[in-house]
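One structure below.
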There are 2 protein chains.
Amino acid sequence: MDKRLPAQRSVTITDVARAAQVSKATAARALGGYGTVSAAVRDRVLGAAQRLDYRPNALARTMATGRSGTIGVIVGDIENPFFGLAVRGISDRAKQDGFDVLLANSAEDLATEQAAMAVMLSKGVDGLIVAPSQKAERRHLDEVLARGRPLVLLDRDVPGMPVDVVEVDGRSAARLATELLTAAGHRRLCYVTASLAPESGDPTDVVLTSVGNRISGYLEAAKAAAVEPCHAAICFGAVTTQEAQDLLVALLGGPQRPSAILASDSKIALEVFRASKACGLTIPDDLSLVTFDDADWTSAVDPAVTVIAQPTYALGTAAAETLIGRLNDADRPIRRQQLKASPICRASIKRVGGLGSSAVLEQVSDHV
Amino acid sequence: MDKRLPAQRSVTITDVARAAQVSKATAARALGGYGTVSAAVRDRVLGAAQRLDYRPNALARTMATGRSGTIGVIVGDIENPFFGLAVRGISDRAKQDGFDVLLANSAEDLATEQAAMAVMLSKGVDGLIVAPSQKAERRHLDEVLARGRPLVLLDRDVPGMPVDVVEVDGRSAARLATELLTAAGHRRLCYVTASLAPESGDPTDVVLTSVGNRISGYLEAAKAAAVEPCHAAICFGAVTTQEAQDLLVALLGGPQRPSAILASDSKIALEVFRASKACGLTIPDDLSLVTFDDADWTSAVDPAVTVIAQPTYALGTAAAETLIGRLNDADRPIRRQQLKASPICRASIKRVGGLGSSAVLEQVSDHV
DNA sequence: ATGAAAGCGCTAACAA
DNA sequence: TTGTTAGCGCTTTCAT
């Protein structure tokens, strides 16, 4: 009971050649715009192609040339607006150079990421842009390189890999964010992330370098502002909505409740919003909040959330541009691009008592 | 200056065959698991493949068989969480049957949609799932069918097209939403959408059937609740954030300000939130709000927004399932699936004075 | 059960 | 300038 579709044989270059009464090769030259063809013949071929509604078969072309004009993109979470926007950047830039984009979602899962990569390779993508789900596993990435396909890492680094990277300078960004808080007088901070606590015990050693960098910056700035180490807390593991709520409610209900939270991304920030409501806390009066990523809702809610805006779209265009550049010149030196994030001050930080804040404020302005 | 990569020749079936000392055909049979091979030979071939790290070339296979194991998906706006979730539904379901997904974004632009479709067809997708950007243009869709590739319409219909459709019952959903409002005593309503006002003058004749259906339901319910026709307004054209703000500020600042707004999607609802803040209006005290789509932020903000939740993920799985079904049986009857939406009552609707509301309330409960 | 050979649609040497 | 021919890697008759 397998009545498959007949998969209509479509018009091939052979049909066009016959119609135009030339050889396949000549038709190919006219159609492909390479080699040399007389004007008369070209017109004849193009006319025939038009008449027959000829559509080149990209697969056959790829098989013959080894190039597909396609870039593979693998992101961690397609539902995250951050990646949505970055992907648009990639697509827009790729289109400029005539590249198509093949998109896949790893769901932050290594096995899925590996499978997606294998599929893309087997489908003949010319190169890959990947936001790796883990900084520690690079075998599959090495293989891409071994197969002669260029690779660009997006938003997340894999230390030691000899590839181009396009990421955000998360350390400076986090420093900035933290300074916004300490400058407003906050001395009890908490960084909240979905990442799991690193086994090594070193908080910056999380699986995503993007998060690790942010934590570094946070810790640095807290130290610089002489925040007591035990008051520069980090809350790991806010993976699902439920887990985030449990964690946050415990945190906000506890005795050592922080006066300010730095959310690792806009999804976390939303959960902070939700949890503070559940705990009967008001932002910013009872709790100040800063988050990475200028998600659309952050400016519409009350209070509008102060954010560290990331150059998300630019991240995408830069990644695509880098890949295309390397496609054209395999020998160009490897580059690690760190784009700067920029703070957008809104209304979710409350200035709390204390002195010396103005000095820190100046310090902040140096960085902006 | 075109130093392209050497594109390493990878291990082919020929290499495996040689290593296993059998013919190409036999190797292919063993590897592909079809035809007949003796156990001994199969082991030899599989062993060699393993040893050489053989990866089948999907392109070559597609060229030879005409099937690619790939489904093409074209959505209107990948950044919209609605489509993000639907795409995940599609991917998950497709993966169950071993299909890969090729994703493209039309940006709600017809030309882009057509181009994406051509690319996918030329790359040999087995079938297509499309959320068409316009109900009126179907030439490119007809062509998919003509090429013998099945097509499933997602979320939006193209009236008259003989294809499977998986959509939401938007008319009932909108009726429900409107009844929520009228039952609470609202008599001055406004439906706000990004769609442009139809040239025909018929408000339900917008380019997207999903929106048209919702408008039908809205109008029906308003009429049934004896809302004065001029108070069942429709506000078209809230395309960009800026346009939405301009429109909404004018609407909310005007003399005939509605007491309740029905937002066509969560993006619009967010703009309503923003605009009401700008106008100094409080939700729900000064303005009630209902929206389609249970976006994550709607339950986290204050007040939490009453929404009509759509079965978004299910929409995706159903679409994938339908396509795969047709791939296996081209002759199965065409189906139009209408999934039901369900209201989630939160805190953005205020009960306003007046009588007779209880009667309408009962009416509502019939539908829930 | 296995092998030889043709072919999917296109490109790219090489000849003419 | 144009045609001939040989692949790209795989599947699939048709023989053996």
Side-chain angles (χ1 to χ4, degrees), chain A residues 4 6-46 48-49 52-70 121-124 126 147-148, chain B residues 2 4 6-46 48-49 52-69 121-124 126 147-148:
Chain A
R4 290 184 176 281
Q8 253 92 17
R9 219 189 65 76
S10 42
V11 180
T12 76
I13 209 169
T14 311
D15 300 321
V16 176
R18 187 175 28 229
Q21 312 188 67
V22 295
S23 74
K24 248 172 50 175
T26 303
R29 279 190 278 259
L31 258 10
Y34 60 92
T36 49
V37 237
S38 69
V41 170
R42 172 178 303 114
D43 290 351
R44 198 137 45 85
V45 173
L46 262 33
L52 297 177
D53 192 29
Y54 165 75
R55 311 295 183 97
N57 180 326
L59 257 59
R61 181 173 301 193
T62 301
M63 280 224 58
T65 62
R67 252 170 298 111
S68 64
T70 303
L121 248 21
S122 83
K123 289 224 198 289
D126 291 340
R147 290 244 232 150
Chain B
D2 188 6
R4 292 184 173 278
Q8 251 92 17
R9 219 188 66 76
S10 41
V11 179
T12 75
I13 207 168
T14 310
D15 300 321
V16 176
R18 187 175 26 227
Q21 313 189 67
V22 295
S23 74
K24 249 171 50 176
T26 303
R29 278 190 277 259
L31 259 9
Y34 58 90
T36 51
V37 238
S38 70
V41 170
R42 171 178 303 114
D43 289 351
R44 199 138 44 85
V45 172
L46 262 33
L52 297 177
D53 191 30
Y54 165 74
R55 312 294 184 94
N57 180 324
L59 256 61
R61 186 180 305 224
T62 301
M63 280 224 59
T65 62
R67 250 168 301 111
S68 64
L121 249 21
S122 83
K123 289 224 197 290
D126 292 340
R147 291 245 231 151

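Predicted model only: the values in this text are computed from it and were never measured. To find a chain, count down the sequence lines: A is the first, B the second, and so on, and within it residues start at 1.
- In this structure, the side chain to side chain contact (heavy atoms under 4.5 Å, CB included) partners of Arg61(A), at least two apart in sequence or on a different chain, are Pro56(A), Thr65(A).
- For the segment residues 36-43 of chain B, residues with any heavy atom less than 4.0 angstrom from an atom of DNA chain C are, sorted by number, Thr36(B), Val37(B), Ser38(B), Val41(B).
- When the P atom of dA6(D) is taken as reference, atom CE of Met63(A) falls 18 Å away, rounded to whole Å.
- End-to-end axis angle of the helix from dA1(C)-dT16(D) to dA16(C)-dT1(D), from C1' rotation axes over five pairs per end: 40° (rounded to 10 degrees).
- Lys123(A) and Thr70(A) are not linked by any side-chain donor-acceptor pair at a separation below 3.5 angstrom, with hydrogens and angles left out of the test.
- With a 4.5 Å cut-off on side-chain heavy atoms, Val37(A) and Val45(A) do not count as touching.
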- Task: Please test Arg55(B) against Leu121(A) for side chain to side chain contact (heavy atoms under 4.5 Å, CB included), starting from the C-alpha separation and ending with a verdict.
- Result: CA-CA 9 Å; Arg55(B) 312 294 184 94; Leu121(A) 248 21; 6.0 Å; no

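- Here side-chain hydrogen bond (donor to acceptor under 3.5 Å, both in side chains) pairs that include residues 28-43 of chain A, with residues two or more places apart or in two chains, number zero.
- Across all non-hydrogen atoms, the minimal contact from Ala19(A) to Leu52(A) is CB-CD1, 3.9 Å.
- Nearest heavy atoms, Ala49(B) versus Leu31(B): CB-CD1, 3.9 Å.
- Heavy-atom nearest nucleotides on DNA chain C were determined for Arg55(A) and for Arg44(B), and the one closer to the 5' end corresponds to Arg44(B).
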- Message: Let's go through Val41(A) and Thr26(A) carefully: what are the C-alpha distance in whole Å and the side-chain angles of both, what is the deciding distance for side chain to side chain contact (heavy atoms under 4.5 Å, CB included) to 0.1 Å, and is it a yes or a no?
- Response: CA-CA 8 Å; Val41(A) 170; Thr26(A) 303; 3.6 Å; yes

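- Look at CG on Leu59(A): it is 15 Å from C1' on dG7(C), rounded to the nearest Å.
- For the pair Lys123(A) NZ and dC10(D) P, the interatomic distance rounds to 14 Å; values are reported in whole Å.
- Scanning all heavy atoms of the two residues, the minimum distance from Tyr54(B) to Val11(B) falls at CD1-O, 3.4 Å.
- The phosphate of dG3(C) (OP1 or OP2) has a side-chain N or O of Ser23(B) nearer than 4.0 angstrom.
- Ser68(A) is linked by a side-chain hydrogen bond (donor to acceptor under 3.5 Å, both in side chains) to Asp126(A), counting only residues two or more places apart in sequence or in another chain.
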- Message: Treating primed atoms plus P, OP1 and OP2 as sugar-phosphate and everything else as base, which nucleotides of nucleotides 11-16 of chain D get B, S or - for protein heavy atoms under 4.0 Å?
- Response: BB----

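- Closest heavy-atom contact between Ala28(A) and Ile13(A): CA-CD1, 3.3 Å.
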